[in-house]
Number of protein chains: 2
Amino acid sequence: MKKGSSASQYAILGFLGFGPMSGYDIKQTVERSVRHFWNESYGQIYPLLKRMSAEGLAVAKTERNHGKPDRKVYSITPKGKKQLQDWLAHPAKAQPSRNELLLKIFFSGKENSANDLRQLERTRAEHAALLSEYLNIESDLRHRRAPHPQLPYWLMTLDFGKRRSQAIVDWCDQSIKTLRHLSSKSPNKKRRN
Amino acid sequence: MKKGSSASQYAILGFLGFGPMSGYDIKQTVERSVRHFWNESYGQIYPLLKRMSAEGLAVAKTERNHGKPDRKVYSITPKGKKQLQDWLAHPAKAQPSRNELLLKIFFSGKENSANDLRQLERTRAEHAALLSEYLNIESDLRHRRAPHPQLPYWLMTLDFGKRRSQAIVDWCDQSIKTLRHLSSKSPNKKRRN
DNA sequence: ATGAGCATGTAACTGGTTACATGATTTA
DNA sequence: TAAATCATGTAACCAGTTACATGCTCAT
C-alpha cells in the first residue's frame, strides 16, 4: 500500500471505475449508494481528484455547461485501475470503532435511567426507519438494476446494513426492557419497600 | 456542550468517576473494559489529563514509586463530575461509520471472488473469536462483579458486542454462500456452457 | 425575491495516531 | 541478555470536517 494514499482515494477510484464523474457526481453517488457505511466530503474529494490527476491515476476533461458552472469530469486511467485492483486485493484494515452511546451507557447508573431510555428509544426509531429504507432500496435495486453484473455485491452491502440495523433494534428493545425492570426493582425517586 | 471538549475527555472523566487513576491506569482500563467500542491513545490521554487538571475537572497527586517511575494519580472533582453528568444527559451523536471491507465488496466483481472469500472468512473468524471472548467476559463479570451497581450497564454494552459480532458472523456466512453460488454459476477461469 | 440545486474550490481547524525519548525492574 | 511491564510525556504527522467564497439558473 503506497504511503499517502488514504481510503478516500480508493473510494474515489472505485466510483470512477463505474464511469467518468465530476467531484460533484462522486459526492452525490456516495450519498445515494454507500451512505450507510461510507462518506466523503467535498473538502476531501476535490483536492484528492487534483492530486490523483497529477499522479496519472485519472484524467480530467472540462465540460462547458450552459449557464451552470463548468464540470470537470474525471476518468480513471489504466494506472488508476491497477491501483484500485491492488487495493481491493489487500485485506481491509479494521477501522477503530467508537460508539458514544455505548460509552454513555457504560458510565451510566440508576440516576440516568430516564435519559438512557430516551436515547435508546431514539436509536431504536432511527434504525427501524433505516431498516425499512433498506428494504425499499433493495426491491428498487432488484427491479431497476436486475441485469447489472455488480448487483449481487451491492445487495451484499445492503444486507449488511439490514442485519446491523436489525441487531441494533433488537439490542435497544432488550436494553429498554432491562432498564425498566431495573428501575421498577429499585426506583429512582420513590421507593416502596 | 462546551467547545474544545472532545469525547475523549468525557471518556477519561468517566473512568476517573470509578476512582482515582493515572494516565497509564486509564489506558489499561480502556483496554480491559471498553476496547470493543472505544479506544484511547497515550498521545490523547496525557495532554488531556494535563488540560483537565488546569481546568479544575481533576486534581493530580504524584505518588512516589520504588524503582518504577512516579505515578501521577488523578481524581475527579465536583466540577468534573458535573461536566460528566451534563455530557451523559445529552444525546450521543452518531459517529460516521466507515467500513473498508464493505467498500471493497461494493467495488468488487467476479474477478475478485477468491480474494473476497478470503476476507470474508477472515472476518468471520475474527468475530467468532470475539463472540466467545465476550461470553467468557460475561460469565466472569457475573461472578466476580455480581453485586456492583453498574454491572447491568456493563452487561448491556457487552450484549451489544455479542449481537454485533453475531450479526457479522451471520452476514459473512450468507455472503460466502452467495459468492460461491455466483462463481459456480459463471466461473472465473473455466466456463463450461 | 427567495431558496434550492448545480458546481468548484480553499483555509482553518480538530481530533487523533504514531514515533520517539527516557529509564528502572522483573521475567523468560 | 533480551523482552516485557511500568510510567510519563512531546512532536510530527495525517485524515477529515466545517466554514467560507463564488455565481448562475430554475422553480416557488
In this structure, how many angstroms lie between the P atom of dC6(C) and the CD1 atom of Ile26(A), rounded? 16 Å
Interatomic distance, Asp70(B) CG vs dG9(D) C1' [rounded to whole Å]: 13 Å
So if I apply the salt bridge (charged side-chain N to carboxylate O under 4.0 Å, His left out) rule between Glu138(A) and each of Arg145(A), Arg144(A), Lys162(A), which one comes out positive? Lys162(A)
At under 4.0 Å between heavy atoms, what does Gly23(A) touch on the DNA or RNA strands: base, sugar-phosphate, or nothing? sugar-phosphate
Please state how far atom NZ in Lys27(A) lies from atom P in dG16(D), giving the value in whole angstrom units. 13 Å
Looking only at dG9(D), dT8(C), dT17(C), the nucleotide nearest the Tyr74(B) side chain is dG9(D)
Taking only the side-chain heavy atoms of Arg71(A) (C-beta and beyond), determine which of dT18(D), dT8(D), dT8(C) contains the nearest atom. dT8(C)
Phosphate-side-chain proximity, Ser6(B) and dG16(C), N/O vs OP1/OP2 below 4.0 Å: yes
Categorize Asp25(B) for me: base, sugar-phosphate, or nothing, with a 4.0 angstrom heavy-atom threshold over every strand shown. nothing
Distance, rounded to the nearest Å, where Leu49(A) contributes CG and dG16(D) contributes P: 14 Å
Does a side chain donor of either Asp25(B) or Ser22(B) reach within less than 3.5 Å of an acceptor in the other side chain? yes
Whole-Å distance, Ile12(B) CD1 to dG16(C) C1', equals 12 Å
Quick check for you: among dT17(D), dA15(D), dG9(C), whose closest atom lies nearest to any side-chain atom of Lys50(A)? dG9(C)
At under 4.0 Å, does any side-chain N or O of Tyr24(A) touch on OP1 or OP2 of dT8(C)? no
Looking at residues at least two apart in the chain, or sitting in another chain, which of them share a salt bridge (Lys or Arg N to Asp or Glu O under 4.0 Å) with Lys177(A)? none
Checking contacts here: which listed nucleotide (dA7(D), dT17(D), dG9(C)) is nearest the side-chain heavy atoms of Tyr46(B)? dA7(D)
Compare the minimum distances between each of dT10(D), dA7(C), dT10(C) and the side chain of Pro47(A), then state the nucleotide with the smallest one. dT10(C)
Against Tyr153(B), only a single residue in Leu179(A), Asn112(A), Thr178(A), Leu102(A) fulfils side-chain contact (heavy atoms from CB on, under 4.5 Å); can you say which? Leu179(A)
For residues Glu40(A) and Trp38(A), is any side-chain donor paired with an opposing acceptor at under 3.5 Å? yes
